[in-house]
Every structure is written in structure tokens, then in C-alpha cells.
Amino acid sequence: MVISESFYLREDTLSIAKELLGKYLFTNIDGAITGGMIVETEAYMGVKDASCHTFNNRKSAKNATMYEQGGVAYMYICYGIHDMLNLVTGQMGKSHVVLIRAIEPTDGIEKMIERRGNFSLKKLSNGPGSLAKALGLNKSFDKESLNSERLWLEDRGLILEESNIKITPRIGINCPEPFLTAPWRFLISGNTFVSRK
DNA sequence: TATGGGATTACCT
DNA sequence: GGTAATCCCATAC
């Protein structure tokens, strides 16, 4: 079942980030369907979060998509090289997003290996830049609906026990406390396709 | 108009 | 574990 817009429009971004674990993410590019199960996410909490691109109400062409109503993709290019997929959540103007950091590949694995250049299954999509490349995501997906012909998420009825979810500080950010170590990263405990334990 | 930095990755020892 | 790759835009002169 495709996840509907109401899922993303809720106000509790941390719950959304946690509930995205075990959901499925797919792209269909020129008829090639690729994707898998989300195993790692991070929440970025808008204008008050010092590590968020919209901190202090910053607004620019680069981050404008973050202020859209929940249910669209926000693509960010990091280090000029790596595309990353975020899901915008909440009402218009809230600028909360969830970064998808890793998936467990399930569909179109051959195609993903082709895009990545013969990587082992484990390293196919175990990081935000890697998974974007494996799924063929790039800046053209910025502002794309999360229920479109070429990008969508599915709930396949998998229910995770609370004890199978691990919560840690976010990876790779550089900002003051309390945001630096805020427990806003969620991963499936023991899953081997996460970027880091 | 010039400069610096970033939600990373891959390849080296 | 150390580091180069690589580019848009925010910030500073």
C-alpha cells in the first residue's frame, strides 16, 4: 500500500522518522524499478535546529523546498558530489524533514549495482549518498511528490518492535548542543545495511 | 566579485 | 584513520 500524504502531514517529525523504519522506498526510472526497506533515518527539526538548513529562518533557492507542505522530496547535494534524499514533513512553512540514510535493497538489485559500479550488496545503499545513487535520485527529484510515478513509499505491513529500534545522535553534523547529540537518528537494530551501528 | 564550507564516500596505508 | 574529490550558494569584502 502506497503511503498517503496524511502520513507526512503530521506534526511529530520524530515519530515519522521512527515509523519510516521498515517502510519501503522505490523509484521507477525509465521502467527500471529499484528500492528496498528503509533501515536508517534522521530528523531535522526546522528553524530552531542548529544543524537544519532552515536554522534561524534561513531561506534560499537551495532550501526553499523544505518550506513546502509535507509529502514531497527535498534533494540536497553535499560536498558538491553526493545527492541526498529528504522527505518534507508537517504543514507548509514548517521546514521539518527526515533524511533517508540507508535502505536494505530488495528490488532491482542488478540495476542498482549497475548504477553504483559493481559494489557488494552490503555497500549498495548503506549511506545517504550511496542510496541516492543506487536509486538514481538527483536534483531533478527536488519537490517531487512522494506518491508519484517515479518516486513513492510503501507500507507492506511490517511492524517493528520497539526493542528492535536503536536511537542515536545524528551522523556528520557540526553544531552546538543540545542539537549535536540530540537523539534524532533512528535505525533498525542489528540490520547490516545501516551506514554505522 | 572572491572565498569557504558542507547531513559523504572511496581509496590509500 | 587520513584525505582527496568537487560545486552551489551564503557570506564577506
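Throughout, protein chains are lettered first and strands after them, A, B, ... in sequence-line order, and every chain is numbered starting at 1. Predicted model only: the values in this text are computed from it and were never measured.
Under the rule for a side chain to side chain donor-acceptor pair (under 3.5 Å), Q91(A) has no partner lying at least two apart in sequence or in another chain. With sequence neighbours excluded, the residues forming a ring pair (Phe, Tyr, Trp, His ring centres under 6.0 Å) with Y76(A) are H53(A), listed by chain and number.
At a threshold of 4.0 angstrom between heavy atoms, the contacts of S130(A) are confined to the sugar-phosphate backbone, with no base atom among them. At a threshold of 4.0 angstrom between heavy atoms, the contacts of R116(A) are confined to the sugar-phosphate backbone, with no base atom among them.
Using a 3.5 Å distance cut-off with no hydrogens or angles, the side chains of E144(A) and S148(A) do pair a donor with an acceptor. Side chains of D142(A) and T65(A): a donor on one and an acceptor on the other come within 3.5 Å. At a cut-off of 3.5 Å, with distance as the only test, a side-chain donor of E104(A) or N191(A) sits close to an acceptor on the other residue. No side-chain donor-acceptor contact under 3.5 Å links R196(A) and T168(A).
Within a 6.0 Å sphere centred on CD of E177(A), heavy atoms belonging to other residues, nucleotides or ligands number more than 12.
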> For DNA chain C, what string of dots and brackets results from 5' to 3' when Watson-Crick and G-U pairs need both distances under 3.5 Å, crossing pairs get [ ], and pairs with another strand get |?
Replying inline: |||||.||||||.
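Heavy-atom distances to DNA chain B give each of G127(A) and N174(A) a nearest nucleotide, and the one nearer the 5′ end belongs to N174(A).
Cation-pi geometry between R170(A) and F179(A) is not met at under 6.0 angstrom from the ring centre and within 45 degrees of the axis. At least one test fails for K94(A) against the ring of Y67(A): distance under 6.0 Å to the centre or angle within 45° of the axis. Under the 6.0 Å distance and 45° angle rule, R58(A) does not count as a cation-pi partner of F55(A).
Nucleotides dT9(B) and dC9(C) have their C1' atoms positioned 22 Å apart, rounded to a whole Å. dC13(C) and dG5(B): their P atoms are spaced 13 Å apart (whole Å). With P as the reference atom, dA7(B) and dT11(C) are 14 Å apart, rounded to whole Å.
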> Which nucleotides of nucleotides 3-13 of chain C have their base under 4.0 Å from a protein heavy atom (B), which only their sugar-phosphate (S), and which neither (-), written as one string 5' to 3'?
Replying inline: --BBB-SSS--
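In this structure a side-chain-to-backbone donor-acceptor pair under 3.5 Å is present from R115(A) to A134(A). A donor-acceptor pair is defined here as one N or O able to donate and one able to accept, closer than 3.5 Å; such a pair exists between the side chain of R116(A) and the backbone of L124(A).
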> Can T89(A) and T13(A) be said to form a side chain to side chain donor-acceptor pair (under 3.5 Å), step by step?
Replying inline: CA-CA 7 Å; T89(A) 67; T13(A) 306; 3.2 Å; yes
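Taking the 5' to 3' direction, DNA chain B first and last meets chain A under 4.0 angstrom from a heavy atom at dG6(B) to dA10(B).
Heavy-atom distances under 4.0 Å link DNA chain B to no residue of residues 180-190 of chain A.
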